[in-house]
Each structure stands twice: as C-alpha cells, then as structure tokens.
Amino acid sequence: MVEDFCNKLEQLRHFCTTGICIWVTDTEKFVGMVKGEDSPGEFFGVGDPLQEGGAAVEALRTKKVVSKFVPPEVYGVEANVIAVPLFEPDNPYEPVGVLGLSRSRKNQVAIVNISETLYASIEQLNLASQEVASGAEEVAVQSQNISNLANRVSDAVNEVKALLKRVGEISQETKLLGINALIEAARAGEQGRGFGVVAEEIRKLADGVRHLTQDINHTLVNVEEQVKDMITAAIKAGDSTARQAASTEELSSSLQEIEATTNGLLDIAKRL
C-alpha cells in the first residue's frame, strides 16, 4: 500500500502549489515526497525519521485522519498538516504508513508580524496624541509626528493587502486543485480513497482561508477609514491652539477605534 502511494506521488506534483508538499511515510520515516516552492518539504526529506509532535505519528497512533498545526520545533517550520493513515486491504486495523499534506504558514506569519507592527504604531500614535494635549506650544510638532506615524500605518495596511492578495490567489488555486484531486480519486476507486480524503481537506482548507482573507480585507477597509479620520483630527489639532482640546479628544476617539479594529485583525490573522 505504501509503495503504491509512493509510485503515484509524481502524479500529484501539479497539486503542490507554493507552500504545499505531499508526502508518504511508513511507520518510521518519510519514504516519498513531492513539493512546491517555499513548502515545509524544504525542511525535511525522504529518509528522515518521523518526529513526536508531528501529524504522521499522531495518525499512526490514533489510526484516524489528523488535521493540526505543527510548530517549528518539530520539523523546523510552522505548518498546517493533514495526515491520513494507510491500511492494507486485508488488515484495516493496523496502519502501515501515512499519506499527508503540509501547508507552510509563512504568509500567515508575515501577516501576523505586520499586524503586530501596525498595533505598535497605533500605540505610538496614542502616546503622541496625549503629548499634543500637554501643551499648545507642541501642537504643530506633534501633529507632524502623528501624520508621519499615520503614513507608517497606511504602509503596513498596504503590505497586508499585498500579502492577502497572494494568499487569496493561492487559496483559489488550492481549491481548484482539491476539486481536481477529488475527481482523480473517484476515478481511482478503492485505491484513491486516501487521496479523496486529502482532496476534500484541501478544498475545505482553501474555503477557510478564503473566508478569513475576506474578513481581513473588510477589517482593513475599516482601518483605512479610521486612519483618514485620525489624520483629519491631527490636522485640526494643528490648525489653532484654541481648538486643541476638542481636536485631541476626536483624535483619541479615532485611535481607540483603530486599536479595537487592529486587535480584531490580529486575531483573524492568527487563525489563518
């Protein structure tokens, strides 16, 4: 059974888009693999032993399909992994190996890092707004600081958008490949059952990523609108000392809204 799946791996190579690798193990080590660019397969290879904490070991132990996040301590890279235990036709009780798919979390980690940078910039903006309120003589200087920091926030938003665009493209490609894999699994009959499980998980994974990407895009629209309000408030704060108190209050209100929105963005990014 394991050898049969190894022989068919080459047929699955075109399913390995950026960040994805498909692999086969026996009960001790990796015995076959095909991989795309920037995939977890760059960090382990054929002949490497299975590690505790990995999805393959868990699938062999539980004799069930496993879908889990694997931390970098296991194989050197963060990944979402699906592992399907393989059984000989005459012994459906003891797995002889595992068919698995690993998807790199590189893009997700990048989004989380940018979101954290965005949050840190907002905290600096909040401090700057408080300093504006401390004295009329500092209004012009602090307003310029706020504008500069607001530009940094906008740059971070644009970086997130660029990454989301790529994540969305990969998600769509993955979903289409998952559907094609389901068709191929149906044609293969009993031998394709394991592939069918993996293909269905690929499709679900792609749909989940697509929905989360849409949620983040919606959140970013709110962030952009709130940043515009914040910049307007900063300009008002610099217009005249007489209007300083009211403008600073409006600025603080905008910052609180942005902070809450950014927290939501960070939470969504960590669930990608």
Side-chain angles (χ1 to χ4, degrees), residues 1-105 170 173-206:
M1 178 63 71
V2 171
E3 185 177 353
D4 288 341
F5 275 96
C6 284
N7 292 336
K8 293 175 181 177
L9 273 180
E10 195 60 34
Q11 301 173 27
L12 299 178
R13 183 177 295 277
H14 62 285
F15 292 113
C16 294
T17 56
T18 301
I20 290 179
C21 68
I22 299 174
W23 41 265
V24 176
T25 78
D26 56 20
T27 57
E28 297 178 350
K29 62 184 180 301
F30 292 93
V31 295
M33 179 187 300
V34 287
K35 59 188 179 182
E37 295 181 1
D38 291 331
S39 76
E42 302 292 337
F43 295 83
F44 60 91
V46 174
D48 288 351
L50 304 183
Q51 299 293 334
E52 283 295 332
V57 170
E58 185 173 337
L60 288 169
R61 182 181 298 123
T62 63
K63 305 174 186 178
K64 297 179 180 179
V65 175
V66 173
S67 180
K68 65 179 295 184
F69 163 73
V70 176
E73 292 78 16
V74 179
Y75 288 109
V77 61
E78 290 187 9
N80 291 324
V81 183
I82 303 164
V84 181
L86 302 176
F87 300 87
E88 293 291 353
D90 57 352
N91 185 3
Y93 304 106
E94 289 299 326
V96 293
V98 177
L99 171 66
L101 179 144
S102 298
R103 180 173 65 91
S104 171
R105 287 176 52 86
I170 293 173
E173 293 172 1
T174 302
K175 181 177 180 180
L176 292 175
L177 291 174
I179 292 172
N180 288 336
L182 280 172
I183 295 172
E184 292 296 331
R187 291 176 178 173
E190 180 65 22
Q191 289 187 341
R193 185 171 59 181
F195 288 146
V197 174
V198 173
E200 177 63 17
E201 292 295 335
I202 292 173
R203 186 188 64 78
K204 290 179 181 178
L205 183 67

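Note that the structure is a prediction, hence the values are computed from the model and not measured. Residues: numbered from 1 along the sequence shown. Scope of the values below: all heavy atoms of this structure, side chains included, with no hydrogens, waters or symmetry mates.
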Once rounded to the nearest 0.5 Å, what's the spacing between atom CG of Leu12 and atom CG of Leu101?
9.5 Å
Nearest heavy atoms of [X] and [Y], plus distance in Å:
X	Y	result
Pro85	Val65	CD-N, 3.8 Å
Val98	Ala83	CG1-CB, 3.7 Å
Ser102	Phe44	OG-CZ, 4.5 Å
Val46	Met33	CG2-N, 4.0 Å

For Leu50 and Leu60: C-alpha separation, side-chain torsions, deciding distance, then whether side chain to side chain contact (heavy atoms under 4.5 Å, CB included) applies.
CA-CA 11 Å; Leu50 304 183; Leu60 288 169; 3.7 Å; yes
How would you list, by chain and number, every residue that makes a side chain to side chain contact (heavy atoms under 4.5 Å, CB included) with Val34, sequence neighbours excluded?
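Val34 satisfies side chain to side chain contact (heavy atoms under 4.5 Å, CB included) with Leu9, Glu10, Arg13, Cys16, Ile22 only.
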What residues, two or more places apart in sequence or in another chain, satisfy side chain to side chain contact (heavy atoms under 4.5 Å, CB included) together with Gln51?
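For Gln51, the residues satisfying side chain to side chain contact (heavy atoms under 4.5 Å, CB included) (neighbours in sequence not counted) are Pro49, Val74, Tyr75.
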Stepwise side chain to side chain contact (heavy atoms under 4.5 Å, CB included) check, Val81 with Trp23:
CA-CA 11 Å; Val81 183; Trp23 41 265; 3.7 Å; yes
Could you list the residues that satisfy side-chain hydrogen bond (donor to acceptor under 3.5 Å, both in side chains) with Ser104, not counting sequence neighbours?
none
Heavy atoms from other residues, nucleotides or ligands near CD of Glu88 exceed 12 (cutoff 6.0 Å):
yes
Does any pair with a residue in residues 27-49 pass side-chain hydrogen bond (donor to acceptor under 3.5 Å, both in side chains), and if so which ones, sequence neighbours excluded?
Asp26-Lys29
Qualifying side-chain hydrogen bond (donor to acceptor under 3.5 Å, both in side chains) pairs, either residue in residues 90-100, two or more places apart
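side-chain hydrogen bond (donor to acceptor under 3.5 Å, both in side chains) check on residues 90-100 returns Lys63-Glu94.
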According to salt bridge (charged side-chain N to carboxylate O under 4.0 Å, His left out), who are the partners of Glu73, at least two apart in sequence or on a separate chain?
none
Applying salt bridge (charged side-chain N to carboxylate O under 4.0 Å, His left out) to Lys68 and not counting sequence neighbours gives Glu58
